[in-house]
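To find a chain, count down the sequence lines: A is the first, B the second, and so on, and within it residues start at 1.
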2 protein chains.
Amino acid sequence: MSMRNSGSTGVTLLDVAREAGVHVSTVSRALDPAHHARVKDATRLHIEAVAHKLGYRPDMVARGLQSGRTAAVGVIVADLGNTFITPVIHGLTAAVETAGMMPMIAETEDDHDRFSNILDHMLSRRVDAMVVTSARTADREILEAAGRIVPIVLAGRPLDGTSLAQVIVDEVSGGRLVAEHFAGLGHRLVAQLRGPLDVANFPRRASGFSAACTEAGIEEVLVDEAATLPIIDEGRRIMQVLMDQTTALPSALFAHNDLMALGALTLLRDNGIVVPDDIALAGYNNLPTVGHVSPSLTTVNYPSTDVGRIAGEMILSLLAGDSVVDVVLEPELVVRHSTQTKA
Amino acid sequence: MSMRNSGSTGVTLLDVAREAGVHVSTVSRALDPAHHARVKDATRLHIEAVAHKLGYRPDMVARGLQSGRTAAVGVIVADLGNTFITPVIHGLTAAVETAGMMPMIAETEDDHDRFSNILDHMLSRRVDAMVVTSARTADREILEAAGRIVPIVLAGRPLDGTSLAQVIVDEVSGGRLVAEHFAGLGHRLVAQLRGPLDVANFPRRASGFSAACTEAGIEEVLVDEAATLPIIDEGRRIMQVLMDQTTALPSALFAHNDLMALGALTLLRDNGIVVPDDIALAGYNNLPTVGHVSPSLTTVNYPSTDVGRIAGEMILSLLAGDSVVDVVLEPELVVRHSTQTKA
DNA sequence: CTGTTAGCGCTTTCAA
DNA sequence: TTGAAAGCGCTAACAG
């Protein structure tokens with residue numbers, strides 16, 4: 001009944017070496033695909049058999065201490081409740097899994113201190129690389145400092161003026177798509193329910209939307225406040241701000257993400273305002289659930305799986321010492337019922 | 001321009017020791033809250049200052065190798081798209097954060113091989129403990145084997161006949177709540193859209209529901225199939241199975257979780273069947289979004305935050321060498337529009 | 001209260 | 001092709 005001494009099974013390389021009648025370093029080589037060659041086939045086979053029999057499991061911690069590599073890629077997300085992140089993670093997992101790596105996810109809950117904390121932990125845990133989907137303006141410096149230690153890829157949330165690798169979506173274009181849709185529907189007065197200003201996605205969506213409105217000769221009501229977080233409750237709150245601010249409600253609303261759209265939707269319903277009959281509402285992200293509700297939500301599809309996959313591929317390239325170029329993906333408008341008055 | 005040699009800043013204990021003019025072990029003690037006492041205040045203060053100046057960050061990997069503790073708790077989840085998990089993670093984070101620990105999350109996508117893989121990785125990464133929310137019947141043996149190496153708490157998803165610590169919800173009671181609600185509404189013919197049979201939650205929900213139906217004299221249509229995964233698409237598919245199976249549709253449906261309810265809802269809508277006017281529909285979990293859609297979903301509230309928090313507290317107790325007792329939380333019915341015909 | 005001395009389990013020169 | 005030896009950065013006895 002000894003305390004566990006290995007984090008794993010308790011079976012160490014030394015155990016395998018003894019049982020196999022060879023030196024520990026031979027076992028190390030035999031079990032390491034990169035050094036397969038340096039050991040005689042017969043002994044390697046024998047060692048593999050023994051290792052298997054004993055249930056040997058390499059200790060990543062010990063390995064990491066020596067080699068610097070831990071086969072872990074840290075993933076930092078802002079809010080797991082915002083499910084556009086789920087496909088990002090799936091895509092990423094699929095990509096790095098091919099190299100035997102595993103994503104380790106941590107959530108900031110969009111809190112700067114926690115972000116900084118997580119960054120520290122991951123670094124001190126020697127992840128081989130990081131994918132950050134939660135970048136805010138204020139995080140830039142510590143992120144870039146971290147980027148000098150391990151490769152970092154920014155995915156989904158861009159950061160202005162950074163040299164870190166990014167795979168992002170053309171948010172300006174996304175905003176335009178919504179405005180052009182509204183224009184095509186004949187709306188003349190619209191408004192945006194803006195997301196946090198320190199998350200670069202949202203100002204970009206806003207500027208694309210506004211520019212296209214101007215071009216189409218559509219008037220925009222400027223809501224006095226932007227959301228502090230891109231969540232349901234804030235969507236509802238900002239909607240309330242708009243309603244308090246004017247009696248002449250616009251005929252179409254662009255919520256900067258689907259969660260905010262849901263919050264706005266509830267407030268409207270509570271006030272007897274019907275979407276889309278009384279007011280049109282569009283979101284952003286195309287969360288897996290928003291096509292299944294009534295009214296089904298018109299939104300901008302976010303190519304989440306691709307974002308994740310490409311981020312993973314970038315990580316692998318960076319780790320291989322190759323350089324990478326930023327990738328910008330194109331969003332697509334998904335028209336559903338929330339912007340369609342009945343046929 | 002040297003390669004990083006530490007996973008962290010590159011500043012090691014030795015660097016701090018040299019700069020401070022003391023031995024490395026003195027630094028180790030000074031910086032470790034648990035050994036604060038064993039070092040003179042003056043030297044400790046001095047060391048802390050030096051450490052801060054140099055930007056020293058402890059290397060968890062090296063620490064873990066020696067001490068066996070890494071301040072990480074592994075969290076294994078099945079599907080991040082099922083957002084009842086989000087509050088679980090928040091509760092857990094809040095609880096273990098107090099002890100300076102950090103959750104490291106990995107997702108199985110409800111795949112047994114990936115589950116086994118993740119378990120391995122986490123063990124070999126020497127997490128101090130694990131919280132598993134993704135348990136399936138087939139995972140039991142490897143889970144219990146892992147439980148002999150580190151403390152494991154099962155959260156949310158129970159496992160039949162295990163000795164691992166659990167914090168779960170009374171699923172039988174949850175199923176009953178729905179049936180009793182249907183009975184109160186006067187329904188006489190009902191059906192369940194059943195979740196995967198190898199995830200213990202679902203058979204329990206089913207049996208509670210069926211038992212209460214029998215007691216209330218309600219007839220239940222048995223759907224030929226159960227979902228293979230508790231997701232939107234499967235909810236839709238099972239709903240189709242039911243529709244193919246009978247022309248006499250029941251007047252109320254119990255989907256075993258909210259995602260499945262959403263899938264069923266869409267199929268019903270596509271067939272011109274109106275919820276709740278033509279058929280009542282209830283889900284399970286009370287996902288953060290389902291109160292914001294139309295019809296807002298009647299569901300069973302899952303005390304997710306509490307599940308997470310308690311799991312975290314259990315982990316802490318287990319780590320402190322204390323024993324813990326299983327916790328069973330009570331679910332609550334949340335009545336919304338999907339089961340209410342208009343007033 | 002502080003320094004010395006051993007390792008944790010593994011990879012990696014360097015020899016043989 | 002294999003063994004020996006050193007050491008990654010840290011903690012933990014054991015002395016003093």
Side-chain angles (χ1 to χ4, degrees), chain A residues 2-18 20-47 51 54-71 123-126 128 149, chain B residues 2-18 20-47 51 54-71 123-126 128 149:
Chain A
S2 70
M3 295 306 308
R4 76 183 168 111
N5 57 340
S6 151
S8 313
T9 332
V11 181
T12 81
L13 265 196
L14 190 67
D15 296 326
V16 178
R18 265 198 286 258
V22 293
H23 190 98
V24 49
S25 63
T26 308
V27 180
S28 173
R29 283 186 284 255
L31 263 28
D32 178 356
H35 297 275
H36 250 194
R38 299 184 168 281
V39 57
K40 195 166 60 181
D41 274 18
T43 40
R44 178 169 58 77
L45 258 30
H46 177 224
I47 288 170
L54 263 39
Y56 170 75
R57 186 193 295 119
D59 184 321
M60 294 307 219
V61 169
R63 177 179 291 176
L65 184 59
Q66 171 63 22
S67 71
R69 267 163 290 101
T70 57
L123 251 21
S124 83
R125 213 152 270 139
R126 298 196 181 211
D128 293 343
I149 300 175
Chain B
S2 70
M3 294 306 307
R4 76 184 169 111
N5 57 339
S6 150
S8 312
T9 333
V11 181
T12 82
L13 263 197
L14 191 66
D15 296 325
V16 178
R18 263 199 286 258
V22 293
H23 190 98
V24 49
S25 65
T26 307
V27 181
S28 172
R29 282 185 286 254
L31 264 28
D32 177 357
H35 297 277
H36 250 193
R38 299 183 168 280
V39 55
K40 195 167 60 182
D41 275 16
T43 40
R44 179 169 58 75
L45 258 28
H46 176 225
I47 288 170
L54 263 41
Y56 171 76
R57 185 193 295 117
D59 185 321
M60 293 309 221
V61 169
R63 178 179 291 176
L65 183 58
Q66 169 64 21
S67 71
R69 268 163 290 101
T70 57
L123 251 22
S124 84
R125 213 150 270 138
R126 298 197 181 212
D128 293 344
I149 300 175

Going from [atom1] on [X] to [atom2] on [Y], what distance comes out if it is rounded to the nearest 0.5 angstrom?
{"X": "B:D59", "Y": "B:T12", "atom1": "CG", "atom2": "OG1", "value": "9.5 Å"}
{"X": "A:H36", "Y": "A:D41", "atom1": "NE2", "atom2": "CG", "value": "9.0 Å"}
{"X": "B:I149", "Y": "B:R126", "atom1": "CD1", "atom2": "CZ", "value": "11.0 Å"}
{"X": "A:R38", "Y": "A:D32", "atom1": "CZ", "atom2": "CG", "value": "11.0 Å"}
{"X": "A:D128", "Y": "A:S67", "atom1": "CG", "atom2": "OG", "value": "8.0 Å"}
{"X": "A:L13", "Y": "A:L54", "atom1": "CG", "atom2": "CG", "value": "11.0 Å"}

Starting at atom [atom1] of [X], determine the distance to atom [atom2] of [N], rounded to an integer number of angstrom.
{"X": "A:R18", "N": "C:dG9", "atom1": "CZ", "atom2": "P", "answer": "11 Å"}
{"X": "A:M60", "N": "C:dT11", "atom1": "CE", "atom2": "C1'", "answer": "14 Å"}
{"X": "B:H35", "N": "C:dG3", "atom1": "NE2", "atom2": "P", "answer": "16 Å"}
{"X": "B:R63", "N": "D:dA12", "atom1": "CZ", "atom2": "C1'", "answer": "13 Å"}
{"X": "B:D32", "N": "C:dC1", "atom1": "CG", "atom2": "P", "answer": "16 Å"}
{"X": "B:L123", "N": "C:dG9", "atom1": "CG", "atom2": "C1'", "answer": "15 Å"}
{"X": "B:L31", "N": "D:dC10", "atom1": "CG", "atom2": "P", "answer": "10 Å"}
{"X": "A:L13", "N": "D:dT2", "atom1": "CG", "atom2": "C1'", "answer": "15 Å"}

Pair of N/O donor and acceptor under 3.5 Å linking C:dG9 base with A:Q66 side chain: no

Side chains of A:R29 and A:V22 in contact at under 4.5 Å (non-hydrogen atoms): no

Stems where DNA chain D pairs, listed by first number, each of three or more Watson-Crick or G-U pairs under 3.5 Å: C:1-4 with D:13-16, C:6-16 with D:1-11

Sugar-phosphate, base or nothing in reach of B:R38, heavy atoms under 4.0 Å: base

Touch class at under 4.0 angstrom, heavy-atom based, for B:V22 against every strand present: sugar-phosphate

5'-most by nearest nucleotide on DNA chain C - B:H23 or B:A62: B:H23

B:S67 vs B:V24, nearer the 5' end of DNA chain C by closest nucleotide: B:V24

Whole-angstrom distance between C:dT5 and D:dA6, as gauged at atom P: 16 Å

Pairwise P distance, D:dC10 and C:dC1 [rounded to whole Å]: 24 Å

Considering only [options], which nucleotide approaches the side chain of [X] most closely?
{"X": "A:L65", "options": "D:dC8, D:dC10, C:dT11", "value": "D:dC8"}
{"X": "B:R69", "options": "D:dG9, C:dT12, D:dA12", "value": "D:dA12"}
{"X": "A:R126", "options": "D:dA12, D:dG9, D:dT2", "value": "D:dG9"}

Between the protein and nucleotides 13-15 of chain D, which nitrogen or oxygen pairs come in under 3.5 angstrom?
| from | atom 1 | to | atom 2 | distance (Å) |
| --- | --- | --- | --- | --- |
| D:dA13 | N6 | B:R29 | NH1 | 3.4 |

Residue pair B:A71 / B:M60: nearest heavy atoms and the distance that separates them: CB-CE, 3.7 Å

Short side-chain N/O contact to C:dG3 OP1/OP2 from B:T26, under 4.0 Å: yes

Side chain to side chain contact (heavy atoms under 4.5 Å, CB included) between B:T26 and B:V39, intermediate numbers included: CA-CA 7 Å; B:T26 307; B:V39 55; 4.1 Å; yes

Donor-acceptor pair, side chain of B:R125 and main chain of A:T70, under 3.5 angstrom: yes

